[in-house]
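One-based numbering, in listed order, for ligands and for the atoms of each. Residues take their numbers from the sequence shown, with the count starting at 1. The figures that follow rest on heavy atoms only: side chains count, while hydrogens, waters and symmetry mates do not.
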Amino acid sequence: MDNILVLTHADESGSALTRASLETVTAGKELAARLSATLIIGVVTKDSAAAASSLASAGSHLLAVSGEAFAQARYGSDAAAVEALCRAAKATIVLAPGTSRFARVAAGVAHRLGGFIDTHITALGGKETVEATRWFYRQRVEAVISRTVRPWFLLLDAGTYAAFAGASQPVQIEQVTVEIPALRTTVSGYRAPQQGQQTIRPDAKMLFVAGAGWTKKQPDGQVHVTEAGELILGFLRATGASLGSSKSLVDQGGEGESVLPFLTHLNQIGQTGSTPRHQKGLSTCCHGEEPHVVGWRFIGERRAISLDPNCGWTRGKADVVYVADAFPVMAKVNALLEAKKA
Ligand SMILES: Cc1cc2nc3c(=O)[nH]c(=O)nc-3n(C[C@H](O)[C@H](O)[C@H](O)COP(=O)(O)OP(=O)(O)OC[C@H]3O[C@@H](n4cnc5c(N)ncnc54)[C@H](O)[C@@H]3O)c2cc1C
């Protein structure tokens, strides 16, 4: 019988588990129930009592590696922590959120334990054994993988399971001691890739995509980049939407053209960009070409605003297309949102 270990870690506050960790707890509970397997949850954090309190009703044995050395992500200490948890749990299946913290160490620990790892898992199935689903070739081909090698590490993509929600209560935790190796890295703090306003919001209900049209010459023969920036940021402020971009728009920075200063390549959606998950998406001033739209694989309801009645969106890629000038449309939408708020 498999021993399923769910790995979790705290967020920046140090006192709560990350949403992706709680999603992995849900995945682990479902899998353990289906396979009638043992479920163990491991926590890596500075203060395990606070962070693990939300797992009181998870109905599983809790292991923790805690202390000052685990307040920050660092390869040496995190790999040692994860290895110790896997050994203490005698884990055969290890589920971990695909966060930067665990993605960095999971493959190394799998190697140390003679195991195997698969990443970007979007679903776990199977009644007798584990069947893990992931996408290949930029979300075009879906595969179901099963392996006999143990321990088998599976890194889950965020947004694929509901976050486990339980009342916060004091909880019994077994502390696992770790021999921390000589640490060569001192974490001095975070430097975010974007300065100022954070525009990438994976938990937002809506994705708003800006295309290169926002910086093109408009019917009056002029570019209106400042106005475009105000309209886009105004919409993001009013709705809390996440901001995506077409490749053409973010590439313009490298071409020396006028660009929207709050956009970076991290905002890019598509074949060579990201494939986020949101309930709804609104594309503006974007042509809807295939290398871009492939990044919309997991967007539920798609709408687009484009001047071009022949753009890719109108050819069955969006549910609703407004053939219109996005400048006045977004100005009106923002005014309506402001009025609603007032
Ligand atoms: C190997 C490869 C990988 C690629 N990967 C990606 C990727 O990951 N992501 C990606 O996005 N692209 C990718 N591309 C590029 C992609 O093919 C397109 O070139 C790009 O998506 C076009 O961006 P766009 O629609 O914003 O710009 P454009 O094609 O320039 O379209 C701008 C649109 O804005 C409209 N417009 C202009 N003004 C207004 C207005 N006032 N109101 C409304 N509409 C207006 C125009 O009618 C036009 O349709 C890739 C290409 C290749 C070859």
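On a distance-only criterion, Gly288 and ligand 1 share no N/O pair closer than 3.5 Å. Of the N or O atoms in Gly211, none lie within a sub-3.5 Å distance of an N or O in ligand 1. Residue Gln271 places at least one N or O, backbone or side chain, under 3.5 Å from an N or O of ligand 1.
Using a 4.0 Å cut-off to heavy atoms of Lys216, the atoms of ligand 1 that qualify are 30 (O). Short contacts between ligand 1 and Thr272, defined as distances under 4.0 Å to a heavy atom of the residue, involve ligand atoms 3 (C), 4 (C), 5 (N), 6 (C), 7 (C), 8 (O). Atoms of ligand 1 found under 4.0 Å from any heavy atom of Gln268 (numbered from 1 in listed order, with element): 6 (C), 7 (C), 8 (O), 9 (N). Near Asp325, meaning under 4.0 Å from one of its heavy atoms, ligand 1 places the atoms 40 (C), 41 (N), 42 (N). Below 4.0 Å from some heavy atom of His287 lie the following atoms of ligand 1, by number and element: 24 (P), 25 (O), 29 (O), 31 (O), 33 (C), 48 (C), 49 (O). Close approach to Ser246 involves these atoms of ligand 1, each under 4.0 Å from a residue heavy atom: 11 (O), 23 (O), 24 (P), 26 (O).
With no hydrogens or angles considered, no side-chain donor-acceptor pair links Trp313 and Ser306 at under 3.5 Å. Under 3.5 Å, the side chains of Gln175 and Ser48 contain a donor-acceptor pair of N or O atoms. No side-chain donor-acceptor contact under 3.5 Å links Thr122 and Asp157. Side-chain atoms of Ser15 and Ser13 include a donor-acceptor pair closer than 3.5 Å.
Proximity of atom 2 (C) of ligand 1 to the protein is not indicated, since no non-hydrogen protein atom lies closer than 4.0 angstrom. Within a 4.0 Å radius of atom 7 (C) of ligand 1, the protein has at least one heavy atom.
Ring planes of Phe235 and Phe208: tilted class, angle from 30 to 60°.
Among all heavy-atom pairs drawn from Thr160 and Glu23, the shortest one is N-OE1, 4.0 Å. Gly125 and Leu31 make their closest contact through O-CD1, 4.3 Å (heavy atoms, listed as atom of the first residue, atom of the second, distance). The two residues Leu282 and Ala304 come nearest to each other via the heavy atoms CD1-N, 4.3 Å. Looking at every heavy atom in both residues, Ala106 comes nearest to Leu155 through CB-CD2, 4.0 Å.
Under the 4.0 angstrom criterion for non-hydrogen atoms, Cys311 is not in contact with ligand 1. The closest approach between Ala210 and ligand 1 stays at or above 4.0 Å for every heavy atom of the residue.
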Decide yes or no on salt bridge (charged side-chain N to carboxylate O under 4.0 Å, His left out) for Asp78 and Arg104, but give the supporting numbers first.
CA-CA 9 Å; Asp78 279 352; Arg104 192 153 49 149; 5.1 Å; no
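Here Gln218 has side-chain heavy atoms under 4.0 Å from ligand 1, and that is the only part of it that gets that close. Both the backbone and the side chain of His292 come within contact range of ligand 1, each with a heavy atom under 4.0 Å. Contact annotation for Glu289 and ligand 1: only side-chain heavy atoms (C-beta onward) come within less than 4.0 Å of the ligand. At a heavy-atom distance under 4.0 Å, no atom of Leu249 approaches ligand 1.
Nearest protein heavy-atom contact of atom 47 (O) of ligand 1 is Asp308 CB, 3.7 Å. Given atom 12 (N) of ligand 1, the protein heavy atom at minimum distance is Lys247 CB, 3.2 Å. Of all protein heavy atoms, the one lying nearest to atom 20 (C) of ligand 1 is Ser248 OG, 3.4 Å. Atom 44 (N) of ligand 1 has its closest protein heavy atom at Leu307 N, 3.1 Å. The protein non-hydrogen atom at the shortest distance from atom 50 (C) of ligand 1 is Pro291 CB, 3.4 Å. For atom 27 (O) of ligand 1, the nearest protein heavy atom (residue, atom name, distance) is Ala212 CB, 3.4 Å. In this structure, atom 9 (N) of ligand 1 lies nearest to the protein heavy atom Ile269 O, 2.8 Å.
For the pair Val259/Val225, no side-chain contact is recorded, criterion being any heavy-atom separation below 4.5 Å from C-beta on. Ile93 is listed as a side-chain neighbour of Arg150, based on a closest heavy-atom distance under 4.5 Å. Contact annotation: the side chain of Arg87 approaches that of Leu113 to within less than 4.5 Å [non-hydrogen atoms, C-beta and beyond].
At most 12 non-hydrogen atoms from other residues, nucleotides or ligands lie less than 6.0 angstrom from NZ of Lys46. Within a 6.0 Å sphere centred on CD of Glu290, other residues, nucleotides and ligands contribute more than 12 heavy atoms.
Residue nearest to atom 37 (C) of ligand 1, selected from Gly213, Gly273, Ala326: Gly213 (by heavy-atom distance). Within the set Cys285, Ser306, Ala324, the minimum heavy-atom distance to atom 34 (O) of ligand 1 is found for Cys285.
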